[in-house]
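Right, one structure below, let's go through it.
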Amino acid sequence: AARLQLRGVQKAFGETEVLAGVDLQVHEGEFVSILGPSGAGKSTLFQLLIGGIRPDGGTIHFDRAPLHNGTARFAFMPQRDALMPWRRILDNTTLGLEVQGMDRRAARAKVAPLFAEFGLQGFERHYPAQLSGGMRQRAALLRTIVQDRDMLLLDEPFGALDALTRAAMQRWLQTMWKRHRWTALLVTHDVREAVFLSDRIYVLSPRPARVLHEFHVPLPRP
Ligand code: ADP
Ligand code: ADP
């Protein structure tokens, strides 16, 4: 059974119809991408999952229960500005755990062993401005995954990076995903990124968005 299931989800802001009935699902351990042009409504979809806005029509279920009954299930990684400039990298990566109520000592003990795998070893006491863009995004992803939520939501996580760093980050994320099998939903307008990273892709129409195509990525994973 699908973990996340959207059926006929509609959303308008005033006169602006943004989602015209979106159907999609994400299964356990799947990496799914939503591919669509700018302004198609990709961020609006994420707002429906985590931002407290309700659909005007249709349903959203998680593990068969209506989503709006509140439990936080998603760990969200934004496109940029995820890190607080005045906190050291270590204390940025503990932030999600601290928000969940874990004390900082315990949170540090949980994130510290992951620094090497995220290419951040030795940078624990640096501030975000002292790191490269790729390192900052890896720190943001570390903060996101360490929260042990049911699903990872990635909103154009590499969209603000230069092309070479972006390519390196995509390869790194693919390696990480193969190792950890996070259940993930990525929104992007980068076709190659979606094909490279995903098991399955939904292609949205321009606004008002509906799903134009759904396809499984046929490339075998080595
Ligand atoms: P995408 O993420 O695919 O670029 P968005 O979901 O951000 O698209 O936006 C889709 C459309 O919805 C845009 O035209 C945007 O102006 C509109 N929109 C998004 N949020 C709001 C809002 N809170 N109020 C009014 N219009 C909005
Ligand atoms: P990116 O992912 O942005 O291309 P990398 O993380 O691959 O950058 O950089 C490779 C190594 O270079 C890092 O692991 C780090 O040791 C070092 N490095 C990168 N940027 C900086 C920086 N701004 N300050 C100090 N060392 C850096």
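Order of listing sets the numbers, starting from 1, for every ligand and every atom in it. Nothing here was measured: the structure is a model prediction, and the numbers come from that model.
Within ligand 1, counting atoms from 1 as listed, the ones closer than 4.0 Å to a heavy atom of Ala40 are 1 (P), 3 (O), 8 (O). Taking every heavy atom of Ser38 and a limit of under 4.0 angstrom, the matching atoms of ligand 1 come to 4 (O).
Looking at heavy atoms from C-beta onward, Ser33 lies out of side-chain contact with Val187 at the 4.5 angstrom threshold.
Between Thr44 and ligand 1, at least one N/O pair is under 3.5 Å apart. Of the N or O atoms in Gly39, one or more lie within a sub-3.5 Å distance of an N or O in ligand 1. Residue Val18 has no nitrogen or oxygen atom sitting less than 3.5 Å from a nitrogen or oxygen atom of ligand 1, judged on distance alone.
Annotation: atom 19 (C) of ligand 1 to nearest protein heavy atom, Phe13 CE1, 3.5 Å. Residue, atom and distance of the protein heavy atom nearest to atom 11 (C) of ligand 1 are Arg207 CD, 3.6 Å. With hydrogens left out, the protein atom closest to atom 7 (O) of ligand 1 is Ser43 CB, 3.5 Å, a heavy atom. Remark: minimum distance from atom 8 (O) of ligand 1 to any protein heavy atom is reached at Gly41 N, 3.1 Å.
Inside a 4.0 Å radius of atom 24 (N) of ligand 1 there is at least one protein heavy atom. For atom 15 (C) of ligand 1, the nearest protein heavy atom lies 4.0 Å or farther away.
The nearest non-hydrogen atom to atom 3 (O) of ligand 1, considering only Lys11, Glu17, Glu15, Lys42, comes from Lys42.
Using modelled atom types and a 3.5 Å distance limit, the side chains of His180 and Glu117 yield a donor-acceptor pair.
Between Lys110 and Asp148 there is a salt bridge, since at least one side-chain N of the basic residue sits less than 4.0 Å from a carboxylate O of the acidic one. With salt bridges taken as basic N to acidic carboxylate O contacts below 4.0 Å, one links Arg200 and Glu214.
No more than 12 heavy atoms of other residues, nucleotides or ligands sit less than 6.0 Å from atom CZ of Arg7.
Classification of the Phe123-His126 ring pair by plane angle, with boundaries at 30° and 60°, yields tilted.
For the pair Lys42 and Phe46, the cation does not sit on the ring face, since its NZ or CZ is not both under 6.0 Å from the ring centre and inside 45° of the axis.
Side-chain rings of Phe118 and Trp172 approach one another, their centers coming within less than 6.0 Å.
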